[in-house]
Amino acid sequence: MDEAVEYLPHEARESVAAAIPELVSRGLLLAEGSREDLRDEALDTRWGPWSPEASFFHFATQNHIYSEASGDDRDALAAQGRPPIFTTYPEADRILLPRLPGRFDEPLGQVLYRRRTHRSFASAPVPIASFAALLSSTFGPADYIDAGAFGALIRRTSPSGGARQELEAYLGIRQVSGVTPGWYHYNSLEHSLELMTEGCTGADLSAMCGDQQWVGDAAFIVVVTAEIERMLAKYRNPRAYRVSLLNAGHLGQTFALSAVVLGLGPFQTGAFHDKALAERLNLDNVSQTPLYVLGAGLPDGGLASAPAGADMETFGLTTLQTKTTTPS
C-alpha cells in the first residue's frame, strides 16, 4: 500500500491512504498476498488469453441460486408476452421441401462410431431429399407440449432447456439439387426455405467462416442463431445464456449423427464472423444472433467405417500423458 501511495501527488496521499483499508474491506481492492489476490493471480495464469471477457462471464454466472418459481412468478413472466415459437418470413420467396422421410434405421452404435468431422467434399450436389430430411430431423418439431401459462412449446429430437427452443437455422446453400444458391431461413413450421439473400459461393462460405478455405467446398452451412426473447421470457438470470450455448451443441450432435445416416459428411466450427453473418442474413445481431455454424457435403471418398482400433505402431509413436492434481 505504501509503495502505491508514493506514486500519487503529495497532496492526495493522505486521503488515498485512509481510503484504501475501506476499499479492501469492501472487496474493491485486494490485499497483496490475500487469498483473493492469489486467486486472481492463478486466474490470470490459467485464463489469461481469454480474460477479461470469457473469465468474467464464466465466474460471474457460476454461483446462481436456484429456486422453484411459484405459480405467481410464472404467470407474471407469461403475462409479459409469449414470444412466437416459430420464426417465419411471410413475404420471402420460398422453396417447399420434400417430406420424404429419411432412413434412420441404421444401428445407433454404428452411427456413433462412423461419425467424423469432414474437411474434404465431392463436387456433386447434395440430393434435396437427404438435405430436407437432415433439416427436419434436426430442427423440425417432433411434437408439442402444453406449458401452461407459457402456452404451447415445441419438442425437437435434441434437448432444450425449458423446451424454449430458442435456436433457429439459417443456411448458406451453395450446392443442393433443386435449390438456387443463396442464404435462406429454414421455416420449420412449413418445412420450407425462405430466401434471405440471393447468391452463395464457396468464397462466401470461406469468408464467413474465418477464411477457412475448406469450408468453401461444402455444399451448405447452417448458421444456428438464438432468438433471445424466447429464452428471456422464462429465464431472467444471465446463466441462461450458457444454456443456449449448450443447446446449440445438442443440435450440432444431432445434425452430425443424422448426416452420417443420410450419407453426408458433417462438420461444425466455432470460427465464424458473427457480425458479417448477421448482416448477410438480415439479422439485427441483438435479438437474433449467431451462436454456431454447422455444415455438410457429400464426403470425398465416402463415409468412414467404424474404427477397428489403433495399431501398435500408432501407440509406439505416442506419449500418453496424465495430469496429477492435489486438492487445493
Arg164 charged N/C atom sitting above Phe150 aromatic ring, 6.0 Å / 45°: yes
Thr225 side chain to Gln288 backbone, donor-acceptor under 3.5 Å: no
Parallel, tilted or perpendicular: ring planes of Tyr186 versus His191, cut at 30 and 60 degrees: perpendicular
Cluster overlap Leu277 with Phe220, hydrophobic side-chain contacts below 4.5 Å: no
Pairwise distance OG(Ser188) to CD1(Ile85) - rounded to 0.5 angstrom: 9.0 Å
Val179 and Tyr184: CA distance, side-chain angles, deciding distance, side chain to side chain contact (heavy atoms under 4.5 Å, CB included) verdict: CA-CA 10 Å; Val179 179; Tyr184 295 84; 3.8 Å; yes
Same apolar cluster: Val286 and Leu232, side chain cutoff 4.5 Å: no
Check: Pro84 and Glu229 side chains under 4.5 Å, non-hydrogen atoms: yes
Whether Arg94 side chain and Ala92 backbone form a donor-acceptor pair below 3.5 Å: yes
Test side chain to side chain contact (heavy atoms under 4.5 Å, CB included) applied to Met208 and Trp183, step by step: CA-CA 12 Å; Met208 293 295 170; Trp183 296 83; 4.0 Å; yes
Point-to-point distance, once rounded to the nearest 0.5 Å, from OH of Tyr292 to NE2 of His250: 11.5 Å
Pair His58 + Trp47: ring centers closer than 6.0 Å: yes
Contact check, side chains of Val126 and Leu134, non-hydrogen atoms, under 4.5 Å: no
Option from Leu251, Thr138, Thr254 for which side-chain contact (heavy atoms from CB on, under 4.5 Å) with Thr157 holds: Thr254
Cluster overlap Val224 with Ile221, hydrophobic side-chain contacts below 4.5 Å: no
Donor-acceptor side-chain pairing of Thr87 and Arg230 below 3.5 angstrom: yes
4.5 Å side-chain heavy-atom contact, Val215 and Val293: no
Atom CZ of Phe56: over 12 foreign heavy atoms under 6.0 Å: no
Student check: side-chain heavy atoms of Arg114 and Glu106 closer than 4.5 Å: yes
Heavy-atom closest contact (Ile95 atom, Gly178 atom, distance): CD1-O, 4.5 Å
Glu91 atom CD: more than 12 heavy-atom contacts under 6.0 Å: no
Residue pair Ile173, Cys200: steps toward the side chain to side chain contact (heavy atoms under 4.5 Å, CB included) verdict: CA-CA 6 Å; Ile173 298 177; Cys200 179; 5.8 Å; no
Contact check, side chains of Leu294 and Phe267, non-hydrogen atoms, under 4.5 Å: no
Non-hydrogen atoms of Ser130 and Leu262 that approach each other most closely: O-CD1, 3.5 Å
Exam field: side chain Arg174 to backbone Ala218, donor-acceptor pair closer than 3.5 Å: yes
Pair Phe104-Val111, side chain to side chain contact (heavy atoms under 4.5 Å, CB included): steps then yes or no: CA-CA 10 Å; Phe104 292 96; Val111 177; over 6 Å; no
Side chains of Thr88 and Glu194 in contact at under 4.5 Å (non-hydrogen atoms): yes
Parallel, tilted or perpendicular: rings of Phe57 and Tyr241 (30°, 60°): perpendicular
Pairwise side-chain contact, Ser123 with Asp217, heavy-atom cut-off 4.5 Å (strictly under): no
Hydrophobic cluster identity match, Phe272 and Leu281, side-chain contacts under 4.5 Å: yes
Arg239, CZ: over 12 other non-hydrogen atoms inside 6.0 angstrom: yes
Pairwise distance CZ(Phe131) to CD(Gln175) - rounded to 0.5 angstrom: 12.5 Å
Flag for Ser244-Glu166: side-chain donor and acceptor within less than 3.5 Å: yes
Tyr89 and His185 aromatic ring geometry - parallel, tilted or perpendicular at 30°/60° bounds: perpendicular
Linked, directly or transitively: Leu298 and Val222 (ILVMFWY side chains, under 4.5 Å): yes
Shortest non-hydrogen separation from Ser206 to Gly216 and the atoms involved: OG-N, 3.1 Å
Pairwise distance CZ(Phe139) to CD(Gln165) - rounded to 0.5 angstrom: 11.0 Å
Nearest heavy atoms of Pro159 and Asn247, plus distance in Å: O-OD1, 3.8 Å
Minimal non-hydrogen separation, Ala240 against Tyr235, with atom names: CB-CB, 3.7 Å
Spacing of Leu135 atom CG and Phe255 atom CZ [to the nearest 0.5 Å]: 7.5 Å
Where Gly265 and Pro299 come nearest, the two heavy atoms and their spacing: N-CD, 3.6 Å
Side-chain donor/acceptor of Ser137 to backbone N/O of Ala133, under 3.5 Å: yes
Student check: side-chain heavy atoms of Val223 and Arg280 closer than 4.5 Å: no
Donor-acceptor contact present, side-chain Ser177 to main-chain Pro125, <3.5 Å: no
Gap separating the CG atom of Leu97 from the CG atom of Asn187, nearest 0.5 angstrom: 9.5 Å
